[in-house]
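Along the sequence shown, residues carry numbers from 1.
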Amino acid sequence: MSMITERPVSNSAGQPPVRTVAEESATPRRDVRAVVSAYVALTKPRIVELLLVTTVPAMMLADGGMPSLWLVAVVLVGGSLAAGAASVLNCYIDRDIDQLMRRTKRRPLPAHTVSPRNALVFGLVLAVVSTALMAALTNLLAAALTLAAIVYYDLVYTLWLKRTTTANTFWGGACGAAPVLIGWAAVTNSLAPQAWVLFAVVFFWQMPHFYPLAMKYKDDYARAGIPMLPVVASARRVNAEILVFAWLTVLASLVLWPLGMSLVYGVPTLVVGAVFLVEAHRLCRRVTRGQAVKPMRLFHWSTTYLTILFAAVALDALV
């Protein structure tokens, strides 16, 4: 299929065509939308959504019901800005490898829709605003945890661990689980055992969640020189870690049951945990047998699992 390009039509005097007022005003609007869209894309909104799924139920459990809507709104806004800051700075640091990977080469920095300097400033501003907001409107513990999560994700994980060790996903898991602690701290200004159990659930969950994605984009990570486990380890090793951490995720979720939770939490947790384990074993069995792997099936189901689990946490806190 050939692309047809319209040539501008000159007027009778041979001068370039005159653009109408409507055309002149439409172009800046399109440019503004494109710029805003690029900056939003840097924050990785889908990751922000997933993090917030765990934050509000943790706040509800900490409160024993529904916290004040004002506090929930502050934590949601502050948490979104913090997660966005971490993602923007991640994009800034990873701009060299993002351009080598098919999955990431269309991001704003490798696509040159946002300059590295502007991305860095944007990320730092979001980090400062989110931390200040949490400090001013919640408490210092929640603010400190927020800042620590940003620093750990960008300086420890992205800049160091991601590029140097096959255990990068494991050590990076602390960042993804941090919103649980932040939400709990915002309500109680402390961290109870239940908060740490929820932290453990999200921490362990990230391995069976992310390894399937790394399996699908194995060639991409290899091209960029990133030592993700599926790139450098045997299929047997990857299978073992998926199964170990899937079981640890489910067991950690069951530890929460006797810590004041009812059947409203326990029954859904058993059901979705069983399905989660079945899917993990099914993926590993396909890998072992040399069948079509379909790793994204477990990736998507793991997201559903976490959503249902934390929905059960929220519902239990209300009844």
Trp247 and His281: side chain donor to acceptor below 3.5 Å: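 The answer is yes; a qualifying pair exists.
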[X] to [Y] - nearest heavy-atom pair and separation:
{"X": "Ala85", "Y": "Leu126", "answer": "CB-CB, 3.5 Å"}
{"X": "Val287", "Y": "Ala235", "answer": "CG1-CB, 3.5 Å"}
{"X": "Leu254", "Y": "Pro258", "answer": "O-CD, 3.2 Å"}
{"X": "Ser253", "Y": "Leu309", "answer": "CB-CD1, 4.0 Å"}
{"X": "Val264", "Y": "Ala312", "answer": "O-CB, 4.1 Å"}
{"X": "Phe245", "Y": "Pro208", "answer": "CB-CD, 3.6 Å"}

Just so I know, are the side chains of [X] and [Y] near enough to count as touching, which here means a heavy-atom distance under 4.5 Å?
{"X": "Leu256", "Y": "Val201", "result": "no"}
{"X": "His209", "Y": "Thr303", "result": "yes"}
{"X": "Met59", "Y": "Leu71", "result": "yes"}
{"X": "Thr169", "Y": "Leu229", "result": "no"}
{"X": "Met101", "Y": "Lys105", "result": "no"}
{"X": "Val255", "Y": "Leu251", "result": "no"}
{"X": "Arg286", "Y": "Arg297", "result": "yes"}
{"X": "Leu109", "Y": "Gln99", "result": "no"}

Rounded to the nearest 0.5 Å, what separates atom [atom1] in [X] from atom [atom2] in [Y]?
{"X": "Trp196", "Y": "Trp184", "atom1": "CH2", "atom2": "CH2", "result": "12.0 Å"}
{"X": "Leu263", "Y": "Asp316", "atom1": "CG", "atom2": "CG", "result": "9.0 Å"}
{"X": "Tyr92", "Y": "Ser115", "atom1": "OH", "atom2": "OG", "result": "10.0 Å"}
{"X": "Asn90", "Y": "Lys162", "atom1": "CG", "atom2": "NZ", "result": "5.5 Å"}
{"X": "His300", "Y": "Leu213", "atom1": "NE2", "atom2": "CG", "result": "9.0 Å"}

Start with the C-alpha gap between Asp94 and Arg107, add the side-chain angles, then the distance that decides, and say whether salt bridge (charged side-chain N to carboxylate O under 4.0 Å, His left out) holds. CA-CA 11 Å; Asp94 276 352; Arg107 286 177 176 173; 5.7 Å; no
Side chain to side chain contact (heavy atoms under 4.5 Å, CB included) with Pro179: which of Leu145, Thr55, Leu198, Val56?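 Single side chain to side chain contact (heavy atoms under 4.5 Å, CB included) partner of Pro179 among Leu145, Thr55, Leu198, Val56: Thr55.
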Is it the case that over 12 heavy atoms from other parts of the model lie below 6.0 angstrom from the CZ atom of Arg282?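 Atom CZ in Arg282 is crowded, with more than 12 foreign heavy atoms closer than 6.0 Å.
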Taking the side chain from [X] and the backbone from [Y], do they hold a donor-acceptor pair closer than 3.5 Å?
{"X": "Asp98", "Y": "Thr104", "answer": "no"}
{"X": "Thr113", "Y": "Pro108", "answer": "yes"}
{"X": "Ser130", "Y": "Ala127", "answer": "yes"}
{"X": "Ser37", "Y": "Arg33", "answer": "no"}
{"X": "Thr188", "Y": "Ala185", "answer": "no"}
{"X": "Asn189", "Y": "Asn139", "answer": "no"}
{"X": "Trp205", "Y": "Ser302", "answer": "yes"}

May I ask whether Met261 and Val319 are part of the same hydrophobic cluster, defined by side-chain heavy atoms of I, L, V, M, F, W, Y residues being less than 4.5 angstrom apart, directly or through others?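 In one cluster with Met261: Val319, no.
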Does Phe204 have any ring pair (Phe, Tyr, Trp, His ring centres under 6.0 Å) partners at least two apart in sequence or in another chain, and if so, which?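 Listed in chain order: nothing, the list is empty.
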Which pairs of donor and acceptor atoms, one on a side chain in residues 218-227, lie under 3.5 Å apart (sequence neighbours left out)?
from, atom 1, to, atom 2, distance (Å)
Asp220, OD1, Arg102, N, 3.1
Asp220, OD1, Arg223, NH1, 2.6
Asp220, OD2, Arg102, N, 3.0
Asp220, OD2, Arg103, N, 2.9
Tyr221, OH, Arg103, NH2, 2.7

Indicate, with yes or no, if the rings of Phe299 and Phe210 have centres closer together than 6.0 Å.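 That pair fails the under 6.0 Å test.
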Check whether the ring centres of Tyr39 and Phe122 lie less than 6.0 Å apart, and answer yes or no.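 For Tyr39 and Phe122, the ring centres are under 6.0 Å apart.
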Step by step, work out the side chain to side chain contact (heavy atoms under 4.5 Å, CB included) result for Val187 and Met60. CA-CA 9 Å; Val187 173; Met60 295 172 67; over 6 Å; no
Criterion side chain to side chain contact (heavy atoms under 4.5 Å, CB included) on Phe199 and Leu191, from CA distance to verdict: CA-CA 11 Å; Phe199 175 89; Leu191 295 173; over 6 Å; no
Trace of the side chain to side chain contact (heavy atoms under 4.5 Å, CB included) decision for Trp160 with Thr165: CA-CA 9 Å; Trp160 175 35; Thr165 174; over 6 Å; no
The test is side chain to side chain contact (heavy atoms under 4.5 Å, CB included); show your working for Tyr152 and Trp171 and say whether it passes. CA-CA 10 Å; Tyr152 185 92; Trp171 293 112; 3.8 Å; yes
Other than Leu140, which residues form its hydrophobic cluster under the rule that side-chain heavy atoms must be closer than 4.5 Å?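 Direct or chained contacts put Leu140 with none.
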